[in-house]
S.K.: 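Supplied in structure tokens, the structure appears directly below.
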Amino acid sequence: MTINDFLKKIESDIKISNKDYNSDDFYYMLKYLGVKKNKGLVSDIEVFYNDFLKSLNDSLVKYDTRKLNYKENATYYIAFNTLKKADFREAVKVYFPVKYEYMISALKTTFMYLIRNSIKATVKFHVKATNEGIVIRFYNKKDIRPFINYCNNNFILKDLLEKSNPFIATIYGIGLVNDDNTINTYMGTLSDLLQDYFHYLKGNNILDKTSDLGFLDYIMKRKDNEEDDIVKFNISAVVRNVISILNHESPINEKDLI
């Protein structure tokens, strides 16, 4: 699904139902877009992760963990070699949208890669299926390209990966975005912008004008008018990704990845 396909579908749904989509609606819609709701591996992922943490306790690896929610709604974070006050703006968030059935093996491979190469990163994953798969925040940009190349050289990515949501630009199917993460995330900012965009269109009775270029124009104007530095940083990340997708360009300056 392209950005334009997604926007046109929302336009059609609004015309039919007259529903006012809010930010949460967009957030969850994009998170599960194209993915069948599946919780069948929750217990297996929990067992794998707990066993992995036990093995780390017997090692010299520096790590920190966090958990949100419980049971089939659990989201886990594990940070390797990072400081709690890391600079999010200098980091890059990488979406490794692995298919649910491969989640355990992909997590193991990701963890081992980060540990073996002493990489500063935080890994986020859900125990149920989403199109985000494994999300890795790399704190040094130079670590990103080797990871992407490793994945591309060691996996048949077209068979391994889900399609990420259409607003995340990719390299070999692996997504890259920036966000400040202190006030909002990339996905949270994107969801807010989509809510405001459709409220603007509906309020001005111009839903028929819905388009990817129209959305880009709207968020570029929002960026230019935004006074909060952090919010502006996150909006700029969305603008950069949309431009990259529409122009079929890399979402990150290749010089920054070397």
Side-chain angles (χ1 to χ4, degrees), residues 1-37 92-97 99 126 129-133 135 158 161-181 183-226 228 231-252:
M1 177 178 283
T2 67
I3 291 176
N4 208 54
D5 291 338
F6 178 83
L7 296 174
K8 287 296 185 182
K9 183 180 184 306
I10 300 301
E11 173 197 337
S12 176
D13 291 346
I14 291 175
K15 286 179 177 178
I16 293 171
S17 66
N18 200 35
K19 178 177 179 178
D20 283 323
Y21 286 93
N22 62 35
S23 182
D24 286 342
D25 292 327
F26 284 113
Y27 186 91
Y28 289 105
M29 193 185 310
L30 289 168
K31 187 174 181 178
Y32 298 104
L33 190 66
V35 176
K36 294 180 180 178
K37 291 186 178 181
V92 176
K93 187 183 288 184
V94 172
Y95 286 84
F96 187 29
K99 293 178 180 176
H126 308 279
T130 72
N131 62 24
E132 293 183 349
V135 183
K158 66 182 179 63
L161 301 182
E162 297 280 7
K163 294 288 187 182
S164 59
N165 91 57
F167 294 88
I168 296 178
T170 64
I171 299 175
Y172 300 130
I174 296 173
L176 294 92
V177 304
N178 286 104
D179 60 34
D180 181 270
N181 202 49
I183 292 179
N184 209 342
T185 63
Y186 178 86
M187 285 294 295
T189 302
L190 170 61
S191 300
D192 288 345
L193 290 171
L194 286 167
Q195 170 190 273
D196 295 346
Y197 175 60
F198 278 102
H199 283 181
Y200 163 76
L201 294 176
K202 189 176 178 183
N204 288 278
N205 199 29
I206 52 172
L207 271 174
D208 288 338
K209 300 293 185 181
T210 304
S211 71
D212 48 12
L213 291 177
F215 178 67
L216 177 59
D217 181 67
Y218 178 83
I219 60 177
M220 288 179 72
K221 289 177 180 175
R222 279 288 304 273
K223 175 181 72 71
D224 292 340
N225 293 325
E226 180 57 55
D228 186 286
V231 176
K232 189 167 188 172
F233 180 89
N234 286 344
I235 295 175
S236 296
V238 179
V239 169
R240 187 164 56 250
N241 255 247
V242 172
I243 290 174
S244 298
I245 292 165
L246 296 183
N247 291 339
H248 305 286
E249 299 171 344
S250 171
I252 301 293

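Keep in mind it's a predicted model, so treat the numbers as computed, not measured.
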S.K.: Backbone N or O of S23 within a donor-acceptor pair of the Q195 side chain at under 3.5 Å?
M.R.: yes
S.K.: Any chance the rings of Y21 and F198 have centres within less than 6.0 Å?
M.R.: no
S.K.: Are E132 and H126 side-chain neighbours, meaning at least one heavy-atom pair lies under 4.5 Å?
M.R.: yes
S.K.: Please identify each residue that fulfils ring pair (Phe, Tyr, Trp, His ring centres under 6.0 Å) with F233, with sequence neighbours left out.
M.R.: none
S.K.: Looking only at heavy atoms, what is the nearest atom pair of N234 and N184, with distance?
M.R.: ND2-O, 3.1 Å
S.K.: I want to check something: taking the side chain as every heavy atom from C-beta on, are F167 and F215 in contact at a cut-off of under 4.5 Å?
M.R.: yes
S.K.: Is it true that a side-chain atom of K93 and a backbone atom of G175 form a donor plus acceptor pair closer than 3.5 Å?
M.R.: no
S.K.: Is D24 close to S191 at the side-chain level, that is, under 4.5 Å between some pair of heavy atoms?
M.R.: no
S.K.: Please examine the side chains of I243 and L216, heavy atoms only from C-beta on, and report whether any two atoms are closer than 4.5 Å.
M.R.: yes
S.K.: With sequence neighbours excluded, tell me which residues meet side chain to side chain donor-acceptor pair (under 3.5 Å) with T2.
M.R.: D5
S.K.: Test of understanding: with side chain to side chain donor-acceptor pair (under 3.5 Å), list the residues that count as partners of K221, not counting sequence neighbours.
M.R.: D217
S.K.: Can you measure from CG (D228) to CD1 (I183) and round to the nearest 0.5 angstrom?
M.R.: 4.5 Å
S.K.: Please list, chain by chain and in numerical order, all residues satisfying side chain to side chain donor-acceptor pair (under 3.5 Å) with K223, sequence neighbours excluded.
M.R.: none
S.K.: Compare all side-chain heavy atoms of I235 with those of T189 and state whether any distance is below 4.5 angstrom.
M.R.: yes
S.K.: Measure from the side-chain N and O atoms of N131 to the backbone N and O of L30, and report whether any donor-acceptor pair falls under 3.5 Å.
M.R.: yes
S.K.: How about D208 and E11: do any of their side-chain heavy atoms sit closer than 4.5 Å?
M.R.: yes
S.K.: Got a sec, which residues hit side chain to side chain donor-acceptor pair (under 3.5 Å) with K99, two or more places apart in sequence or on another chain?
M.R.: none
S.K.: For the residue pair L33 and P166, what are the closest heavy atoms and their distance?
M.R.: CD2-CD, 3.6 Å
S.K.: Mind checking whether V92 and V177 have side chains closer than 4.5 Å, heavy atoms only?
M.R.: no
S.K.: Do K19 and D25 have side chains that get closer than 4.5 Å, going by heavy atoms?
M.R.: yes
S.K.: Keeping the roles fixed (side chain from S12, backbone from K8), state whether a donor-acceptor pair exists under 3.5 Å.
M.R.: no
S.K.: What about Y95 and Y186, are their ring centers closer than 6.0 Å?
M.R.: no
S.K.: Return each pair, listed once, that meets salt bridge (charged side-chain N to carboxylate O under 4.0 Å, His left out) where at least one residue sits in residues 183-196; pairs must be two or more places apart or across chains.
M.R.: D196-R222
S.K.: Taking all heavy atoms of N4 and all of D212, pick out the closest pair and write down the distance.
M.R.: OD1-N, 2.8 Å
S.K.: Nearest 0.5 angstrom please: Y218 OH to T210 OG1, how far?
M.R.: 12.5 Å
S.K.: T130 and V35: which non-hydrogen atoms are nearest, and at how many Å?
M.R.: C-CG2, 3.9 Å
